[in-house]
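Heads up, the thing below is written out as structure tokens.
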Amino acid sequence: MEYQIKTIGVLTSGGDAPGMNAAIRAVTRAAISNNIRVKAIYRGYKGLMEDEVKEFTTQDVSDIIHRGGTILKTARSEEFRTPEGRKRAYETLQKEQIDALIVIGGDGSFTGARLLAQEYNVPVIGLPGTIDNDLWGTDTTIGYDTALNTIVECVDKLRDTATSHERVFLVEVMGRDAGFLTLSAAIAAGAEAAIIPERTPVVEQIEAAIGHGRRKHKNSSIVLVQEHAIEGGVQRVAQLIEEVHPEYGTRVTILGHLQRGGSPSAYDRILASRLGCAAIQALLDEQRSVMIGLENDEIVYVPLSRAIQQKKAIKDDKWQALQVLSI
Ligand code: F6P
């Protein structure tokens, strides 16, 4: 007899991202409309290990599509990285009679999900939820578009004060080890340059950034700096600029966790809704250990192993566009 999924668990894990609530809503409603029960797991893998579980009805996900953050809360769990932690998690799945797990998160969350699937033969589906957009196999991730718009809005505001002074404004942008947010925000905000880890050497990027501003006889420049592009971060970039060009004053803005907040954009709400529905369909199609992605506006199933292990590349035309447009 075919293995039938009667109950799913859903959790959010890692850094929250705008649109996670829309994904929770879609997963819940798509499951219930297919006669599958939904058990919501709070605080990510921590809550899974500690049995913080509540059955959801369609009403539990009412009025959340427009909210940032995650109603399920989230966490980064060291214990779940250990075999003992995953054993505890599996015991909760058994106790709660959860047949399959949907994990909304980034690559750290998927690494844990994959191990749980391998060790205990649990069907697991991943939904890409991270502002970093650093998962291979999907054009974009839930939260990326909203974060990008937030960054651009902040840089637009900075421009007002920047044009009134002779300074280099350095803006630190999140992204863990990826520069997608930084590069795209630099293009959209019309910044002089982006300093990202994928393009080295960073010191040359800094020199070029200053050069761009000077060539334009501009009073001021705006440079976006990926948080981990260089050891010492954006403060180190400021120091390097002032050492070489003492005539420039630098000002540093760290956008920080502002970038993860706010109501999700329409794009992220639609993306999360589509991926959430597709996650339930994937389970019904007997897909296991896959991430649901979007490629050329089509839903794709990407093996979790590939989503985690393959490195998504920065589009060279975007990098070139920034160089050309900032001359
Ligand atoms: O992965 C999302 C992200 O916001 C990264 O861009 C950032 O490096 C990290 O999380 C920050 O994590 P935390 O909220 O745990 O400080």
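Note that the numbering runs from 1 along the sequence shown for the chain. What's counted below: heavy atoms across the whole structure, side chains too, no hydrogens, waters or symmetry copies.
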Would you mind checking if Glu231 and Arg236 are paired as a salt bridge, meaning a charged N to carboxylate O distance below 4.0 Å? no
Answer yes or no: is there a side-chain heavy-atom contact under 4.5 Å between Glu172 and Gln235? no
Closest heavy-atom pair and its distance - Thr28, Thr57: CG2-O, 3.9 Å
What is the minimum heavy-atom distance between Ile71 and Asn21, and which atoms define it? N-OD1, 2.7 Å
Looking at every non-hydrogen atom in both residues, tell me the closest pair between Ile195 and Val237 and how far apart they are. CD1-CG1, 4.1 Å
Would you check, one step at a time, whether the test side chain to side chain donor-acceptor pair (under 3.5 Å) holds for Thr161 with Arg167? CA-CA 10 Å; Thr161 173; Arg167 288 172 178 162; 5.2 Å; no
Is the side chain of Arg67 donor-acceptor paired with the backbone N or O of Pro18 at a distance under 3.5 Å, no angle test? no
Partners of Tyr267 by ring pair (Phe, Tyr, Trp, His ring centres under 6.0 Å), sequence neighbours excluded? none
Heavy-atom donor-acceptor pair, Asp139 side chain to Asn296 backbone, under 3.5 Å: yes
If you define the side chain from C-beta out and look only at heavy atoms, does anything of Thr138 sit under 4.5 Å from Val300? no
Answer yes or no: is there a donor N or O on one side and an acceptor on the other, between the side chain of Arg159 and the main chain of Ala189, under 3.5 Å? yes
Is any side-chain heavy atom of Thr7 less than 4.5 Å from a side-chain heavy atom of Lys39? yes
Considering all heavy atoms, the nearest Thr141-Asp268 contact: O-OD1, 3.8 Å
List the atom of Ile292, the atom of Ala282, and the distance in Å for their closest heavy-atom pair. CD1-CB, 3.7 Å
Let's go through Lys318 and Ser184 carefully: what are the C-alpha distance in whole Å and the side-chain angles of both, what is the deciding distance for side chain to side chain donor-acceptor pair (under 3.5 Å) to 0.1 Å, and is it a yes or a no? CA-CA 8 Å; Lys318 273 192 171 179; Ser184 293; 2.8 Å; yes
Between Ile64 and Ile270, is there a shared hydrophobic cluster once you connect ILVMFWY residues whose side-chain heavy atoms come closer than 4.5 Å? no
Close side-chain approach of Val122 to Tyr90, heavy-atom, < 4.5 Å: yes
Are Leu135 and Leu115 connected in the hydrophobic side-chain network, where two residues link if heavy atoms are under 4.5 Å apart? no
Show the numbers, then the answer: is there a side-chain contact (heavy atoms from CB on, under 4.5 Å) between Ile36 and Ile280? CA-CA 9 Å; Ile36 297 172; Ile280 299 303; 4.3 Å; yes
Only one of Glu78, Glu79, Glu84 clears salt bridge (charged side-chain N to carboxylate O under 4.0 Å, His left out) with Arg81; which? Glu78
Kindly indicate, with the supporting measurements, whether the criterion salt bridge (charged side-chain N to carboxylate O under 4.0 Å, His left out) is fulfilled by Asp177 and Lys311. CA-CA 11 Å; Asp177 51 6; Lys311 191 156 170 57; 5.0 Å; no
Where Tyr144 and Phe180 come nearest, the two heavy atoms and their spacing: OH-O, 3.3 Å
Any donor and acceptor pair, going by atom type alone, linking the side chain of Gln323 with main-chain N or O of Trp319 inside 3.5 Å? yes
Would Tyr301 end up clustered with Ile8 when hydrophobic side chains under 4.5 Å apart are linked, directly or stepwise? yes
Donor-acceptor contact present, side-chain Ser289 to main-chain Leu304, <3.5 Å: no
Asn35 versus Lys6, side-chain donor and acceptor atoms under 3.5 Å: no
Answer yes if Leu170 and Val244 sit in the same cluster of Ile, Leu, Val, Met, Phe, Trp and Tyr residues linked by side chain heavy atoms under 4.5 Å apart, and no otherwise. no
Carboxylate-amine/guanidinium proximity below 4.0 Å for Glu119 and Arg86: yes
Please determine if Arg29 and Asp60 form a salt bridge, counting it only when a charged side-chain N lies under 4.0 Å from a carboxylate O. no
Given 3.5 Å as the limit, does a donor-acceptor pair link the side chain of Thr182 with the main chain of Val225, or not? no
Please tell me whether Thr250 and Glu242 have a donor and an acceptor in their side chains that are separated by less than 3.5 angstrom. yes
side-chain contact (heavy atoms from CB on, under 4.5 Å) assessment of Leu127 paired with Val27: CA-CA 10 Å; Leu127 289 185; Val27 164; 3.8 Å; yes
Strictly by modelled atom types, are Glu153 and Asn149 linked by a side-chain donor-acceptor pair under 3.5 Å? no
Under 3.5 Å donor-acceptor, Ser263 side chain and His66 backbone: yes
Between the CE atom in Met174 and the NE2 atom in His228, the distance rounded to the nearest 0.5 Å is 9.0 Å
Using the rule given for side-chain contact (heavy atoms from CB on, under 4.5 Å), can you reason through Thr146 versus Leu148, listing the C-alpha separation, both sets of side-chain angles and the distance that settles it, and then say yes or no? CA-CA 5 Å; Thr146 308; Leu148 190 53; over 6 Å; no
side-chain contact (heavy atoms from CB on, under 4.5 Å) assessment of Lys95 paired with Ile98: CA-CA 8 Å; Lys95 179 172 167 237; Ile98 294 172; over 6 Å; no
Under 4.5 Å between any side-chain heavy atoms of Val290 and Ile125, yes or no? yes
If two hydrophobic side chains count as joined below 4.5 Å and joins carry through other members, does Ile104 share a cluster with Ile32? yes
With the threshold set at 4.0 Å, does a side-chain nitrogen-carboxylate oxygen contact exist between Lys46 and Glu52? no
Heavy-atom side-chain contact between Gln259 and Ile151 under 4.5 Å: yes
Ion pair Glu91/Lys87, N-O distance below 4.0 Å: yes
State the CD-CG distance between Glu192 and Leu325, to the nearest 0.5 angstrom. 11.5 Å
Under 3.5 Å donor-acceptor, Asp51 side chain and Gly47 backbone: no
Looking at Lys73 and Asp16, is there a salt bridge between them, counting it only when a charged N and a carboxylate O are closer than 4.0 Å? no
Tyr45 and Phe80 aromatic ring geometry - parallel, tilted or perpendicular at 30°/60° bounds: parallel
Residue among Asp156, Val155, Thr150 satisfying side-chain contact (heavy atoms from CB on, under 4.5 Å) with Val152: Asp156
Please determine if Arg176 and Glu227 form a salt bridge, counting it only when a charged side-chain N lies under 4.0 Å from a carboxylate O. no
Val223 and Val171, any side-chain heavy atoms less than 4.5 Å apart: no
About how many Å separate CD of Glu96 and CZ of Arg37, when rounded to the nearest 0.5 Å? 9.5 Å
Taking the side chain as C-beta and beyond, is there a heavy-atom pair between Trp136 and Val302 under 4.5 Å? yes
In Å, rounded to the nearest 0.5 Å, how long is the span from CG of Leu181 to CD of Gln226? 8.5 Å
